[in-house]
There are 2 protein chains.
Amino acid sequence: MPKKSQSMIKIDRIDRSILELLQDNGELTNQEVADKVGLSPSPCLRRVRALEKAGIIVKRVTLLDHKKLGLALTAIILIGMDRHTPERFATFEAKVAEYPEVQECYLITGQDADYMLKVVVPDMDQYHHFLLNHITRIQGVSGVHSSFVLRRVIDSSALPLRYLS
Amino acid sequence: MPKKSQSMIKIDRIDRSILELLQDNGELTNQEVADKVGLSPSPCLRRVRALEKAGIIVKRVTLLDHKKLGLALTAIILIGMDRHTPERFATFEAKVAEYPEVQECYLITGQDADYMLKVVVPDMDQYHHFLLNHITRIQGVSGVHSSFVLRRVIDSSALPLRYLS
DNA sequence: ATTTCTTTGGCATTATATGCCTCATAAAGT
DNA sequence: ACTTTATGAGGCATATAATGCCAAAGAAAT
């Protein structure tokens, strides 16, 4: 359950429909959304704005094609730290955030590693370079294990909204 | 390098700027984009349309807030298959694509597993349910290892465009 | 049943997108 | 060197969409 706060909103079926439509297609016009959810444009836009204000709608983005941009290699990197101090973590996270190649970086449990990264680069040469000159040089990084994506079966930014009340 | 085809496009500095702007903010109007890249609206829109037609711009989406929607648990699942036959893979991939909880599914190397999944659910109970009733019941799934995201350091859909010529 | 509060729908205004036409610039051929 | 051709830019007119305001309808509470 989300935390209660003044920005809390009750999300009814209509809001849920709006979110489902928009998270799948961000270029729908307000009129189209209104149509599909059975409202007139005016109240529909008000709901969208309210969802934005509440922070439920975070941002709109444009997704690009990896391969057509020459970014053919996606790597999953598991990284272990030598010492588990706040300073180590802070340094690592700040450094990693500087590299646009890093699409995801999670602190995780359940592995013999602390961080899991998803990195996108053109090819193996570039990956090798990135790993050796950037990742392994960050203070505290002690173990690195690389996996490579052979096939992208699912790659979505959509959240499952079925759990909403 | 991307494959050559009739849909190939030479991406110059202006195109790159457009892509960088749009992949970070999909709700920029054409006029705003034109302004920022130093073009008039007309040629700017033509470039955007060309990038869409070439498949470089794939789609626009809206990103939602996990926590505010009550989706507090993100799991990374490593899955091994009993036999590495095309049928096994096809079955698994088709099944997994049915579940909206699965945000990512990659066939990978370098692990003692075949697939890596990213799954989003409200809590541990729901995760347990999902794993036992859906994932482990798919034919061919032999080994499952779960990790959980403690902290989302970076979670972006933006690609690194610095490698473009 | 009446009052109050919330949400809706319609309308007018403003802003944006889109298609067409003209002009400039660069490359190719004579 | 000059002309020809093609590619892309800019500006304008029109169509489409967003936005704010106000009145009306519906739901909840007393």
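Each chain gets a letter, A, B and so on, in the order the sequences are listed, and its residues count up from 1. Remember, predicted model here, so these are calculated numbers, not experimental data. These numbers come from the heavy atoms of this one structure, side chains and all, not from hydrogens, waters or symmetry mates.
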Here the distance between atom C1' of C:dC11 and atom CD of A:Q31, to the nearest Å, is 13 Å
Can you tell me if the side-chain N/O atoms of A:K10 get under 4.0 Å from OP1 or OP2 in C:dT7? yes
In whole angstroms, the gap separating P of D:dA25 from CG of A:L39 amounts to 18 Å
Is it the case that the side chain of B:K59 and the backbone of A:G26 share a donor-acceptor pair, with hydrogens and angles ignored and the cut-off at 3.5 Å?
no
Return the orientation label for the B:H129 and B:H134 ring planes: parallel under 30°, perpendicular over 60°, tilted otherwise.
perpendicular
Heavy-atom nearest pair, B:P43 first then B:S40, reads CD-OG, 3.0 Å
One would report the end-axis bend of the helix from C:dA1-D:dT30 to C:dT30-D:dA1, five pairs per end and rounded to 10 degrees, as 30°
Rounded to whole Å, the CD-P distance (B:E52 to C:dA17) equals 12 Å
| message | Treating B:T109 as the side-chain partner and A:F148 as the backbone partner, does any N or O pair qualify as donor plus acceptor under 3.5 Å? | response | yes
A:D12 atom CG is separated from C:dT8 atom C1', nearest whole Å, by 13 Å
Working for ring-ring contact (aromatic ring centres under 6.0 Å, His included), residues B:Y106 and B:Y115: CA-CA 6 Å; B:Y106 302 128; B:Y115 288 104; over 10 Å; no
Applied to residues 20-45 of chain A, the ring-ring contact (aromatic ring centres under 6.0 Å, His included) test, sequence neighbours excluded, yields none
Discussion item. Using a 3.5 Å distance criterion without hydrogens, assess whether the side chain of A:D155 forms a donor-acceptor pair with backbone atoms of B:E104.
Written reply: no
Here the distance between atom P of C:dT16 and atom CD of B:E27, to the nearest Å, is 13 Å
Readout for nucleotides 19-24 of chain D: B = base within 4.0 Å of protein heavy atom, S = sugar-phosphate only, - = neither; 5' to 3' it is SBB---
Of the candidates D:dA9, C:dA17, C:dT8, the side chain of B:T29 sits closest to C:dA17
For this session: Could you tell me whether a side-chain N or O of A:K68 sits under 3.5 Å from a main-chain N or O of B:A54, the two making a donor and an acceptor?
Result: yes
Heavy atoms only, 4.0 Å cut-off, all strands: where does A:S40 land among base, sugar-phosphate and nothing?
base
Review point. Taking B:S17 for the side chain and B:V37 for the main chain, is one N or O donor matched with an acceptor at less than 3.5 Å?
Key: no
To the nearest angstrom, the CG-C1' distance between A:D35 and C:dG9 comes to 14 Å
Rounded to whole Å, CG of A:L28 lies from C1' of D:dA17 at a distance of 13 Å
Taken to the nearest whole Å, CZ/A:R47 to P/C:dT6 is 14 Å
